[in-house]
Amino acid sequence: MSTLQPHVTFHGVCRDALGFYSHALSGEIRTLSTFNDSPVEFPEHLLSRVMHAEFASPEVQFFASDGLDDSLAQGSGDVAFHVRFEDEKRQNEVFMALSEMGQIVMPLDYTFWKVRFGMVTDKYGIRWMLSCPAEHVDIYTQTT
């Protein structure tokens, strides 16, 4: 079953925000990785920032990051819709439909975190992140 999950970008204050939500919502940070954890090289100033986190409480679940965009004010959070698919064909259909008259931010591709992932901003300015499990793929050798 596909699911929709909010993704909040906190622009530099993700750790602080997650700490706040952990207390306020009696929740927990389930995963947290930094840009330094990635095999992809990023500029030095980004390495300690949160690349991806998962937060969960009894009532709320969301993904979070600090993002890459330094043009926005620190802490000016924005939201993207993250949809998890079980089927790559359906993921591709939805990605292509959302990109009509929109902008592909990151084409669908296999990632080091073992999902097929892509980002698109639709014609209404809504950012979509689409992922599908891809554990059968080794992205470093591109074998299935």
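Computed from heavy atoms alone, side chains included, the values below leave out hydrogens, waters and symmetry copies. This is a predicted model, so every value here is computed, not measured.
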In terms of hydrophobic clustering (I, L, V, M, F, W, Y; side-chain heavy atoms under 4.5 Å; direct or indirect links), are [X] and [Y] co-clustered?
X	Y	value
L46	W113	yes
V50	I29	yes
V8	V13	yes
F35	M119	yes
F85	I104	yes

Can you list the steps and then say if E54 with Q61 is a side chain to side chain contact (heavy atoms under 4.5 Å, CB included)? CA-CA 7 Å; E54 286 186 60; Q61 291 186 4; over 6 Å; no
Check: [Y] and [X] side chains under 4.5 Å, non-hydrogen atoms:
X	Y	result
T9	R127	yes
W128	D122	yes
F20	L18	no
H7	S65	yes
H82	S131	yes
L130	L98	yes
L108	F117	no
D66	H11	no

Salt bridge or not for R116 and E86, using N-O below 4.0 Å?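 Looking at E86 together with R116, the answer is no, because their closest N to O distance does not fall below 4.0 Å.
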Considering all heavy atoms, the nearest [X]-[Y] contact:
X	Y	value
R84	F63	NH2-CZ, 2.7 Å
P107	F95	CA-CZ, 4.2 Å
S26	P58	O-CD, 3.6 Å
E88	A134	OE2-CB, 4.5 Å
V83	S2	CG1-CB, 4.4 Å

Which residues pass the ring pair (Phe, Tyr, Trp, His ring centres under 6.0 Å) test with F62, not counting sequence neighbours?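 Expected list: Y21, F55.
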Just grab all the salt bridge (Lys or Arg N to Asp or Glu O under 4.0 Å) pairs involving residues 32-46, residues at least two apart or on different chains.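 Sorted pair list comes back empty.
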Sequence neighbours left out, what pairs pass salt bridge (Lys or Arg N to Asp or Glu O under 4.0 Å) with at least one residue falling in residues 93-106?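 Listed once each, the pairs are R90-E93.
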Find the distance between [atom1] ([X]) and [atom2] ([Y]) and round it off to the nearest 0.5 Å.
X	Y	atom1	atom2	value
R49	N36	CZ	CG	13.5 Å
H52	S33	NE2	OG	6.5 Å
K123	M101	NZ	CE	5.0 Å
C132	D87	SG	CG	6.5 Å

Within the side chain of S99, is there an N or O that forms a donor-acceptor pair under 3.5 Å with the backbone of G102?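 Pair absent, no side-chain N/O of S99 close to backbone of G102.
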Verdict with reasoning, T34 to L47, per side chain to side chain contact (heavy atoms under 4.5 Å, CB included): CA-CA 6 Å; T34 66; L47 296 181; over 6 Å; no
